[in-house]
Visitor: 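This is the structure I have questions about; it appears just below.
Residue numbers begin at 1 in each chain, while the letters A, B, ... track the order of the sequences.
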Amino acid sequence: MTSTTITAEATITADRLSKSYGGEPVVQDVCFECRPGTITGFLGPNGAGKSTTLRMITGLTRPDRGASTVAGRPFVDLPNPVRVVGTLLDPTAMHNGRTGRTTLRIAARMAGVPDESVDKALFRVGLSSGAGDKRVGNYSLGMRQRLGIAQALLGDPHTLILDEPANGLDPEGIAWMRRLLRDFADRGGTVLLSSHLLHEVQATVDQLVVIAQGAVVASGPMSELLATEAVVVRSPDREALARLLSAAGASFSLNPDGMFTVDISVAGIDRERIARLALDNQVLVTELRQADSTGLEDLFFSLTGQGAAA
Amino acid sequence: MSGAQTMTRPAPTRASTAPDAPIPFGRLLRVEWGKGTDTRASRWLIALTALATVAIMLAPLLAKHSVDQTYDSYLQFSALGLTILLPIVSIMTLTSEWTQRTVLATFTQEPRRARVVSAKVVASGVLALLAVVFGAVVTAAALAIAAAAGRDLGADLDAPNVIGYVLFILANILMGVAIGALLHNTAASIVLFFVVPGVFAVLGAVVKGVGRWVDPSTTFNWMLEGHWSGHGAQLLVSAALWVVLPLALGIVRTMRREIK
C-alpha cells in the first residue's frame with residue numbers, strides 16, 4: 001500500500017459488459033464500479049454470469065460489447081497486473097504436481113517480489129509450512145482457496161478480484177477471510193468478490209451488485225439494499241392492536257402466527273409511532289422490531305428459486 | 001556470509017518492479033524455465049533422456065563392426081538418444097498450462113500472452129542447447145572409451161556435421177514446442193509429433209516425392225548427417241511447415257482463446 005495513492009476514483013469499472021455464447025446472452029450490459037476502501041459483493045445465483053463478468057474484467061474473456069478497467073485502464077494494458085490487482089478466479093486451476101510453496105514461488109518471481117515473501121504469504125493465509133510443502137493435488141478446496149488468496153496478495157496489490165472465495169471454507173475460514181478482506185479494505189484497498197449465497201457476503205461486504213440471468217437487477221450500498229420496509233409487532237390483544245393500526249392509517253397484515261407485519265414505507269408510520277400508539281392506548285405489546293425478511297432477501301430468494309423466507 | 005550477501009544485494013525487486021514497469025522478458029524466461037523443469041513429469045523425462053543418451057552410446061561401442069567408428073557417427077547416436085524423449089518436455093512446457101488450467105493464473109499475471117509463449121519458446125531453446133552440450137560430453141566420453149580400447153577412430157568432424165548436430169536437436173525440440181503451442185493438449189501433441197514420421201514411413205513409396213519436402217524425419221536426418229547440399233530448400237520448407245507455421249498459428253490461437 002505504501003506507494004499507492006488512494007483516491008476516490010473507482011478502481012474497478014464495468015461499462016455495459018456483454019457476452020453471448022452461441023447466440024445465448026450470458027452477460028448483458030453489466031455496469032458497476034468499485035471504489036477504494038470498499039468491499040463489493042457480486043451476488044447472483046449459479047449461472048447468472050458472475051464468473052464470465054469477472055473473466056472479462058481480468059482480460060481472460062473478450063467481451064462482445066462494453067469495456068472494463070482496473071486502476072484506470074483495461075486489465076490487458078496493465079504493465080504488471082499482479083502489482084496492481086490480485087486475482088483468484090478458480091482455486092482448482094493450479095498445477096496438482098507442484099507444492100503450495102512452489103506455486104507461490106512462481107507467482108513471486110513473476111511479480112518480482114523476493115522469495116522470502118512466499119513464507120510470509122503462507123503464514124498470512126494460515127497454511128503451515130508443512131502444508132506448504134504438500135502437493136496442491138492433496139489440498140482440500142479450502143486450502144486451495146487459502147493458497148489462491150496468498151497468491152493474489154503476493155504482489156502487494158491495492159485491488160482484489162475473487163470469484164467465490166468462500167467456497168470450501170469452513171465457518172472459521174469464512175470468518176478469517178472476512179477479517180482479512182475487511183482489513184484490506186480498511187487500509188484503502190478495493191475488493192470485488194462474487195458469491196451465490198447472500199448470507200455468506202452479508203456480513204462481509206458494504207456494496208452489492210446483484211446479477212440474475214446476466215443482468216444487474218439491484219446495486220448499491222448494502223445498508224440501503226438491506227433496509228427493511230417493515231416492522232413486526234405482536235400483542236396478546238390482537239383486535240385492539242388491529243384497531244389502533246387501522247386508525248393510524250397503517251398498512252398491515254396479520255400473519256397466521258399472530259404477528260402483525262406493518263409497512264413502514266407509509267408516511268408517519270414507524271417503530272416509534274407504533275410504540276407510542278400502544279402506550280397511549282394501553283395496549284400491551286410483547287414484541288416490536290424490524291422484520292427479518294428484507295426486500296433484497298425476497299428478491300434474491302425469488303432469483304434463486306428458494307422461495308421467500310417470509 | 002549472509003550479512004555480506006544482503007549488503008551486496010542491490011535494493012532488489014522493489015525498485016525494479018514499480019507497478020508501471022512491464023515484466024522484463026528475462027524474468028518471464030526464468031519463470032518459464034522453472035515451470036518447464038520443476039514438475040515430476042519433466043524431471044523424469046529429462047533424467048530418462050540423459051539415461052537414453054548414455055545407453056544409446058553402447059550401440060557404436062559394442063557393435064564396432066556394424067557401426068562406423070567415427071567421431072561423426074558417435075555424435076549422431078547421441079543426437080538420436082537426446083531427441084527420443086526431450087521433445088516431450090518441450091511439448092509439455094506449452095501444453096501442461098492448458099491441461100492443468102494454470103493459464104488462468106499465468107495470463108492474469110502477464111496478459112500479453114504472446115510474450116509468455118515467446119518465453120516458453122526461448123526456454124525450450126535453452127533446454128535444447130543444454131542437451132547439445134550434454135550430448136557432446138557423452139560423445140566425448142564414449143570416444144575416449146573407444147580410443148582406450150585401442151580402436152582406430154575416424155576423426156571426421158567438420159563444420160557441417162557439428163552444425164547439423166546442433167540444428168537437428170534444436171529443430172526437434174522446436175517442433176515439439178510448435179505443436180504444443182498449437183494443440184494445447186499434451187496427448188494430441190505427442191501423438192502428432194511421433195506419428196508424423198511413422199505415417200511417412202508407412203506411405204513411403206507413395207509419397208516419397210512429397211516426403212522429401214514435408215517429412216521432418218527425412219529432412220531433419222539430412223541435417224544430422226550433414227547432407228546439406230541440394231537439400232536447403234527442402235529443409236526450409238519442412239522447418240517452415242513443422243516449426244514456423246504451427247508456432248505462428250499457435251500464438252494466434254493462444255491470444256484469441258478464451259481462458260476458463
Visitor: Can you see which heavy atom on A/T102 is nearest to which on B/D38, and at what distance?
Guide: CG2-OD2, 3.3 Å
Visitor: Working note: B/E258 + A/M56, criterion side-chain contact (heavy atoms from CB on, under 4.5 Å); need CA distance, chi angles, decisive distance, verdict.
Guide: CA-CA 10 Å; B/E258 179 177 15; A/M56 286 193 277; over 6 Å; no
Visitor: State the NZ-CZ distance between B/K35 and A/R105, to the nearest 0.5 angstrom.
Guide: 15.0 Å
Visitor: Can you tell me if A/F123 has over 12 outside heavy atoms packed within less than 6.0 Å of its CZ?
Guide: no
Visitor: Please flag which part of A/S51 lies under 4.5 Å from any non-hydrogen atom of chain B: side chain, backbone, both or neither.
Guide: neither
Visitor: Quick check: does any side chain N or O of B/R101 sit under 3.5 Å from a backbone N or O of A/D90, one acting as donor and the other as acceptor?
Guide: no
Visitor: Below 4.5 Å from any heavy atom of chain B, which atoms of A/A71 appear? Answer side chain, backbone, both or neither.
Guide: neither
Visitor: Is a side-chain donor or acceptor of A/R109 paired with a backbone partner of B/V31 at a separation under 3.5 angstrom?
Guide: no
Visitor: Could you give the distance from NZ (B/K260) to CG (A/L60), rounded to the nearest 0.5 Å?
Guide: 11.5 Å
Visitor: Just how far is it from atom CZ of B/R40 to atom NE2 of A/H95, taken to the nearest 0.5 Å?
Guide: 9.5 Å
Visitor: How long is the straight-line distance from OG1 of B/T102 back to CZ of A/R98, given to the nearest 0.5 Å?
Guide: 6.0 Å
Visitor: Tell me, for B/T108 versus chain A, whether the close heavy atoms (under 4.5 Å) come from the side chain, the backbone, both or neither.
Guide: both
Visitor: With a 4.5 angstrom heavy-atom cut-off, could you sort out which part of A/T61 is near chain B: side chain, backbone, both or neither?
Guide: both
Visitor: Tell me, out of B/R256, B/E110, B/Q109, B/R113, who's got the most heavy-atom pairs with chain A below 4.5 Å.
Guide: B/Q109
Visitor: Does B/Q100 reach the main-chain N or O of A/N96 with its side chain, forming a donor-acceptor pair under 3.5 Å?
Guide: yes
Visitor: Please round to the nearest 0.5 Å and tell me the distance separating atom CE of A/M110 and atom CG of B/L28.
Guide: 5.0 Å
Visitor: List the atom of B/A21, the atom of A/N80, and the distance in Å for their closest heavy-atom pair.
Guide: O-CB, 3.4 Å
Visitor: Relative to chain A, which segment of B/R257 carries a heavy atom at a distance below 4.5 Å: side chain, backbone, both, or neither?
Guide: backbone
Visitor: Measure from the side-chain N and O atoms of B/R112 to the backbone N and O of A/V76, and report whether any donor-acceptor pair falls under 3.5 Å.
Guide: yes
Visitor: For the candidates A/I106, A/V82, A/T58, which exhibits the highest count of non-hydrogen atom pairs separated by less than 4.5 Å from chain B?
Guide: A/I106
